[in-house]
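Counting convention: from 1, in listed order, for ligands and their atoms alike.
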Amino acid sequence: DRKDHSLMTTPCSTGRISLVGIGPGSLDHMTPAARLAIVEADTVIGYATYIKLIEPLLDGKAVIRRAMTEEIERALEALDQARQGRRVALVCSGDAGVYGMAGPTYEVLFEAGWTPNSNIEVEVIPGASALNSCAARVGAPLTHDFCAISLSDLLTPWPVIARRLHAAAVADFVVALYNPKSGRRGEQIVHAQAIFLAHRDPQTPVAIVKSAYRAKQRVELATLADLAECEIGMSSTVLIGNSHTFVRDGLMVTPRGYADKYDVTSGEPREGERRGRSLSTGLVGWRAALREDTATPEVLAARFGLPEAYLRYVLSEPTSV
Ligand code: SAH
């Protein structure tokens with residue numbers, strides 16, 4: 001019983017739930033820590049497709065295969081097994097914390113009265129998420145600020161998703177779209193395209209990466225204008241470039257800004273810029289320029305696409321040394 005278990009000193013005395021991100025799919029891209037958690041587990045629970053990807057590690061283990069929408073069942077099952085003192089690996093593709101099992105599992109655990117002090121140990125083991133793997137397959141598209149948005153409206157209302165797409169498009173983020181399309185959800189990607197086209201050039205580079213680091217991998221480079229015509233499915237991630245992203249020799253690259261600050265042939269900083277220092281248009285330089293400007297905060301706010309209250313704040317701030 002529970003009391004006896006807690007008095008034993010071997011690690012098996014308490015149950016354990018490892019939320020394991022297995023990476024994109026190939027065993028080579030799984031971290032040693034993820035592999036160890038699976039190898040040490042008594043029970044492995046996961047979506048059937050992911051179980052298949054890690055088959056070589058499953059010898060002699062109890063394996064529970066679950067279907068796509070049974071996330072809560074998977075978490076409850078893990079809890080049940082861990083209560084019996086077993087070591088459970090709940091496997092997810094990519095990272096368990098990115099549209100994965102980590103969140104639902106903690107919710108189920110808290111609901112069941114679990115706390116970090118109770119005798120079921122819970123850990124999240126990070127893995128390369130689809131955005132990392134898919135980016136690696138096309139070049140360097142995420143080298144500047146980016147965000148991830150899931151187009152799945154199974155748990156999120158569409159206006160919430162549309163608002164986030166709009167905000168990301170306005171703010172010029174590179175965007176990774178997870179769950180872009182499925183058999184039953186075909187229209188969302190068309191709407192996402194329409195929202196982006198309102199703010200970005202139709203020629204903006206787009207990459208569709210299907211099944212990165214798996215047998216059926218397929219990489220397609222396209223433009224925002226043809227996004228909706230591309231072959232996209234459940235195992236695809238869509239990467240949309242920002243206004244600086246370019247494609248050259250089949251590689252999609254988002255510059256970090258080195259070329260703006262430095263002369264790329266000589267490596268010397270351009271006029272007005274200093275190595276290791278903020279840009280002349282960084283916070284301090286920008287604020288100094290604002291103070292010379294005779295325009296009203298309202299006009300400045302419109303010029304920079306920032307709230308007027310923020311412009312007033314900047315102008316009223318004492319200058320730091
Ligand atoms: N936890 C996962 C994401 C799960 S949501 C992660 O961190 O990657 C499922 C979505 O992830 C898919 O619809 C697809 O958009 C993306 N995805 C997962 N694995 C992928 C892969 N190998 N190649 C391309 N996209 C992938």
Side-chain angles (χ1 to χ4, degrees), residues 18-31 33-34 37-38 45-54 66-72 74-75 78 89-107 123-139 141-142 146-156 161 164-165 168 174-189 192-193 206-222 227-228 230-240 252:
S18 302
L19 292 148
V20 185
I22 63 167
S26 80
L27 293 179
D28 284 347
H29 294 89
M30 180 188 295
T31 67
I38 294 168
I45 306 178
Y47 174 46
T49 313
Y50 308 151
I51 294 289
K52 208 177 290 165
L53 292 169
I54 57 165
R66 282 278 179 196
M68 205 52 161
T69 54
E70 300 173 327
E71 281 83 12
I72 300 300
R74 268 182 269 167
L90 247 176
V91 297
C92 294
S93 75
D95 183 275
V98 179
Y99 310 116
M101 285 300 300
T105 301
Y106 276 118
E107 288 179 68
E123 60 177 349
V124 181
I125 298 175
S129 189
L131 61 82
N132 303 112
S133 314
C134 295
R137 280 312 197 197
V138 298
L142 305 180
F146 64 88
C147 67
I149 299 176
S150 167
L151 294 193
S152 171
D153 53 9
L154 269 60
L155 302 170
T156 310
I161 300 171
R164 288 179 185 160
L165 290 166
V174 177
V175 181
L177 298 177
Y178 282 72
N179 302 301
K181 199 172 175 178
S182 75
R184 265 179 258 165
R185 283 189 307 106
E187 269 190 277
Q188 284 76 0
I189 188 70
Q193 178 194 35
V206 159
I208 297 104
V209 184
K210 180 190 163 195
S211 303
Y213 298 95
R214 296 184 197 168
K216 290 177 183 161
Q217 176 179 294
R218 193 167 164 276
V219 177
E220 185 180 356
L221 290 176
L227 175 59
C230 296
E231 190 189 313
I232 301 173
M234 284 253 287
S235 335
S236 315
T237 296
V238 173
L239 302 172
I240 303 177
M252 180 175 176

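In this structure, CE in Met252 is found 7.5 Å from CG in Leu221, a value given to the nearest 0.5 Å. Separating the CD1 atom in Ile232 from the NZ atom in Lys210 is a distance of 12.0 Å, to the nearest 0.5 Å. A distance of 11.5 Å separates CG of Asn132 from NE2 of His29, quoted to the nearest 0.5 Å. Distance check: Tyr99 OH to Ser150 OG gives 5.5 Å after rounding to the nearest 0.5 Å. The line from CG of Leu165 to CD of Gln193 is 12.0 Å long, rounded to the nearest 0.5 Å.
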For Ser129 and Tyr178: C-alpha separation, side-chain torsions, deciding distance, then whether side-chain hydrogen bond (donor to acceptor under 3.5 Å, both in side chains) applies. CA-CA 10 Å; Ser129 189; Tyr178 282 72; 2.6 Å; yes

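At a heavy-atom cutoff of 4.0 Å, ligand 1 is contacted by the backbone of Ser235 but not by its side chain. Heavy atoms of Val209 found under 4.0 angstrom from ligand 1 belong exclusively to the backbone. Counting heavy atoms closer than 4.0 Å to ligand 1, residue Gln217 contributes nothing at all. With a 4.0 Å heavy-atom cut-off, ligand 1 is reached by the backbone of Ala212 and by its side chain too. Neither the backbone nor the side chain of Ser150 comes within contact range of ligand 1; no heavy atom lies under 4.0 Å.
Which parts of ligand 1 touch Cys134 is read off a 4.0 Å heavy-atom cut-off, strictly below it: atoms 23 (N), 24 (C), 25 (N). Within the listing of ligand 1, atoms 15 (O) sit less than 4.0 angstrom from a heavy atom of Pro180. Those atoms of ligand 1 that come under 4.0 Å of a heavy atom in Ser93, given as number and element, are 1 (N), 2 (C), 6 (C), 7 (O), 18 (C). Under a 4.0 Å criterion applied to the non-hydrogen atoms of Gly94, ligand 1 contributes the atoms 6 (C), 7 (O), 8 (O). Listed by number with element, the atoms of ligand 1 under 4.0 Å from a non-hydrogen atom of Ser129 are 6 (C), 7 (O), 8 (O). The distance from ligand 1 to the heavy atoms of Pro24 drops below 4.0 Å at these ligand atoms: 22 (N). Close approach of ligand 1 to Met234 (heavy-atom distance below 4.0 Å) involves ligand atoms 12 (C), 13 (O), 14 (C).
Across Leu177, Val219, Thr237, Val238, heavy-atom proximity to atom 16 (C) of ligand 1 is greatest for Thr237. Closest heavy-atom approach to atom 19 (N) of ligand 1 among the candidates Lys181, His29, Arg214, Lys210: Arg214. When Ser152, Ser133, Ser236 are checked for heavy-atom proximity to atom 15 (O) of ligand 1, Ser236 turns out nearest. Of the candidates Ser211, Ala130, Gly97, it is Ala130 that places a heavy atom closest to atom 17 (N) of ligand 1.
Among all heavy-atom pairs drawn from Pro104 and Ile72, the shortest one is CB-CD1, 4.4 Å. The minimum heavy-atom distance between Met101 and Thr105, with the atom names listed, is O-OG1, 2.6 Å.
Using a 4.0 Å heavy-atom cutoff, Tyr213 is absent from the residues neighbouring ligand 1. Heavy-atom distances between Gly25 and ligand 1 stay at or above 4.0 Å for every pair.
Other residues, nucleotides and ligands contribute at most 12 non-hydrogen atoms within 6.0 Å of the CZ atom of Arg164. Atom CD of Glu187 has 12 or fewer neighbouring heavy atoms from other residues, nucleotides or ligands inside a 6.0 Å radius.
Taking only nitrogen or oxygen atoms, main chain and side chain alike, Tyr178 does not reach within less than 3.5 Å of ligand 1. For ligand 1, the polar-atom distance check finds no N/O of Tyr99 at less than 3.5 Å from any of the ligand's N/O atoms. The N/O atoms of Val98, backbone and side chain alike, include one that comes under 3.5 Å of an N/O atom in ligand 1. Not a single N or O atom of Ala128, backbone or side chain, sits closer than 3.5 Å to an N or O atom of ligand 1. For ligand 1, the polar-atom distance check finds an N/O of Asp95 within less than 3.5 Å of one of the ligand's N/O atoms.
With hydrogens and angles disregarded, a donor-acceptor distance shorter than 3.5 Å links the side chain of Ser236 to the backbone of Gly233.
With contacts defined as side-chain heavy-atom distances shorter than 4.5 Å, the pair Ile208/Glu231 does not qualify.
Under a cutoff of 6.0 Å and an axis angle of 45°, Arg66 and Tyr47 do not form a cation-pi pair.
Looking at Ser18 and Glu123, their side chains do bring a donor and an acceptor atom within 3.5 Å of each other.
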